[in-house]
2 protein chains.
Amino acid sequence: MNLNARPLDANPLAHDRVYRQLRSRIMHGDLPPGHALTLRGIGKEYEVSMTPAREAVRRLAAEGALTMSASGRISTPELSNERIEELAALRALIEVELASRALPRAHFALIERLQTINNAVSEAVAHRDAVGYIRTNLEFHRTLYLRAQAPAMLAMAETVWLQMGPTMRALYGRLRRTEPPHFHRLIIAALRAGDEPGLRLAVRTDVTQGLRMLAT
Amino acid sequence: MNLNARPLDANPLAHDRVYRQLRSRIMHGDLPPGHALTLRGIGKEYEVSMTPAREAVRRLAAEGALTMSASGRISTPELSNERIEELAALRALIEVELASRALPRAHFALIERLQTINNAVSEAVAHRDAVGYIRTNLEFHRTLYLRAQAPAMLAMAETVWLQMGPTMRALYGRLRRTEPPHFHRLIIAALRAGDEPGLRLAVRTDVTQGLRMLAT
DNA sequence: GAAGCGGCTTTGTGATCACAATAATAACAT
DNA sequence: ATGTTATTATTGTGATCACAAAGCCGCTTC
């Protein structure tokens with residue numbers, strides 16, 4: 001009898017499924033910084049054995065989404081202020097370039113879609129929904145950058161988002177703002193006007209504004 | 001009897017040892033693009049079972065150092081020209097920033113060390129030693145960037161190097177030059193003069209010059 | 001010759017286990 | 001109460017196995 005048989009209705013590639021779900025939760029701020037995880041716990045939660053859980057964790061650790069202590073304990077990263085500054089600088093570098101490359105290809109339909117997403121961002125802010133804000137905000141940026149046709153750069157940007165996920169949740173969670181996202185409007189306006197310098201400035205400002213929350 | 005016992009003289013963390021050695025070989029161009037690997041082959045080569053080999057491969061795949069086909073077959077990446085252009089642009093973005101951050105901290109001892117490394121680069125070029133050239137060239141850049149005190153950025157740059165490793169070997173291997181690295185001298189001169197714009201230009205040019213070889 | 005077909009082999013995947021090391025808890029003494 | 005030690009529970013690591021799917025090779029057929 002085959003004890004290792006996997007249920008026929010189960011999706012193949014168990015480790016990939018675990019990886020994607022964990023990645024989404026981390027990127028969107030579902031887990032606070034320093035949250036501990038265990039291989040057996042993950043396996044139980046996703047109904048797999050330790051093996052695929054280990055592979056998913058190893059992959060996420062390689063991307064900086066999880067940190068492993070010297071003894072192998074798994075947790076979400078707790079970023080120092082210097083690390084946050086670095087990651088914000090990386091976002092500025094990469095995302096300004098992505099936006100710049102997307103600009104010539106940003107037609108009306110894209111700009112309209114960005115506005116729709118931006119409304120969802122405003123709504124999440126109004127409801128003080130930190131996770132919803134992070135998710136829609138990242139969707140706004142990703143939608144724009146997809147037009148750049150630069151998958152390696154987009155992957156780099158998403159890796160930075162991943163690393164900042166838990167910290168962003170902690171930052172936005174303690175934030176008590178209800179203002180709609182001002183810089184997103186500047187980005188949209190620059191796209192509409194075909195204003196590249198304005199777009200670069202708007203993206204850089206939007207991406208690094210989180211630092212100001214830290215400085216207080 | 002414990003069948004899983006590991007030899008007492010062996011270093012702990014087998015998967016990490018395998019990871020580091022494979023990573024070094026890939027980054028320095030030891031393997032050509034498209035080179036196939038197997039878990040059992042890696043395990044046999046490093047005298048471990050499939051498990052640590054799998055973890056090392058999974059980690060390298062997450063960093064883009066290896067690609068996995070839909071059926072899970074492992075090989076070094078074969079980069080398209082568009083992907084190479086993107087990675088070169090990423091190098092330019094990140095490494096120019098790293099150099100700029102290192103500039104205020106670049107004292108005499110560092111500049112002298114860069115010159116020593118650069119002599120090794122020239123020697124590798126003279127001997128048409130592609131792997132030696134890649135290794136010393138990366139050592140030149142890493143030595144400079146370490147002064148930037150920006151570990152996340154340096155990690156990003158190294159990830160790009162990793163992805164380009166096999167392709168760089170193929171490019172430099174078919175190259176028949178004996179000129180010493182001209183732009184490295186410009187970098188050193190700009191460091192000595194404290195000339196930030198000149199440094200940025202020199203790094204950007206050095207990093208993207210490989211594209212010119214492709215265009216021919 | 002080129003394309004289809006049968007088998008055999010290779011290969012990644014996931015489950016399970018033993019083990020060692022770490023963390024957590026209980027017991028105790030001061 | 002507090003700090004220390006001994007015991008127990010938890011956790012990651014690596015080895016091994018069964019299995020299915022994909023590659024490979026020789027054969028046949030038209």
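When reading the values below, keep in mind they use all heavy atoms of this one structure, side chains included, and skip hydrogens, waters and symmetry mates. Letters go in sequence order (proteins before strands), and every chain restarts at 1.
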Colleague: Roughly, in whole Å, what's the span from CG in A/Leu13 to C1' in D/dA20?
Modeller: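 It is 13 Å, rounded to the nearest whole Å.
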Colleague: Which whole-number value in Å describes the distance from A/Arg58 CZ to C/dG12 P?
Modeller: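 Result: 18 Å.
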Colleague: Do B/Ser71 side-chain and D/dA21 base share a donor-acceptor contact under 3.5 Å?
Modeller: no
Colleague: What integer distance in Å separates A/Arg40:CZ from C/dT16:C1'?
Modeller: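 Those two atoms, CZ and C1', are 11 Å apart.
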Colleague: Given atom CZ of B/Arg73 and atom C1' of C/dT9, what is their separation to the nearest angstrom?
Modeller: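 In whole Å, C/dT9 C1' lies 11 Å from B/Arg73 CZ.
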Colleague: Do the side chain of B/Arg54 and the base of C/dG12 come within less than 3.5 angstrom through a donor-acceptor pair of N or O atoms?
Modeller: no
Colleague: What closest approach, in Å, do B/Ala89 and A/Arg101 show between heavy atoms, and which atom pair accounts for it?
Modeller: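 For B/Ala89 and A/Arg101, the tightest heavy-atom pair comes out as CB-NH2, 3.3 Å.
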Colleague: Which whole-number value in Å describes the distance from A/Leu39 CG to D/dT10 P?
Modeller: 15 Å
Colleague: Of the non-hydrogen atoms in A/Ala99 and A/Leu199, which two are nearest, and what is the gap between them?
Modeller: O-CD2, 3.4 Å
Colleague: Quick check: closest heavy atoms across B/Trp161 and B/Glu95, and the distance to 0.1 Å?
Modeller: NE1-OE2, 2.7 Å
Colleague: Calculate the interatomic distance between A/Tyr46 atom OH and C/dA15 atom C1'; express it in whole Å.
Modeller: 20 Å
Colleague: Once you round it to whole Å, what is the distance between P of D/dT11 and CE of A/Met68?
Modeller: 13 Å
Colleague: Check this one for me: any side-chain N or O of A/Ser49 less than 4.0 Å away from OP1 or OP2 of C/dA15?
Modeller: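 A/Ser49 to C/dA15 OP1/OP2: side-chain N or O found under 4.0 Å.
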Colleague: If every non-hydrogen atom of B/Met153 is compared with every non-hydrogen atom of B/Ile94, which pair is closest and at what distance?
Modeller: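 Closest heavy-atom pair between B/Met153 and B/Ile94: O-CG2, 3.6 Å.
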Colleague: From the list C/dT22, D/dG14, C/dG14, which nucleotide is the closest neighbour of the side chain of B/Pro52?
Modeller: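 The closest nucleotide is D/dG14.
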Colleague: DNA chain C: B/Leu37 or A/Val48, which has the more 5' nearest nucleotide?
Modeller: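 Mapping each residue to its closest nucleotide by heavy atoms, the 5'-most match is B/Leu37.
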Colleague: A/Thr38 side chain: which of C/dA15, D/dT11, C/dG12 is closest?
Modeller: D/dT11
Colleague: Does atom CD of A/Glu123 have more than 12 heavy-atom neighbours from other groups under 6.0 Å away?
Modeller: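 Not buried by this count: 12 neighbours or fewer within 6.0 Å.
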Colleague: Expressed in angstrom and rounded to an integer, what is the separation of A/Ile74 atom CD1 from C/dA23 atom P?
Modeller: 14 Å
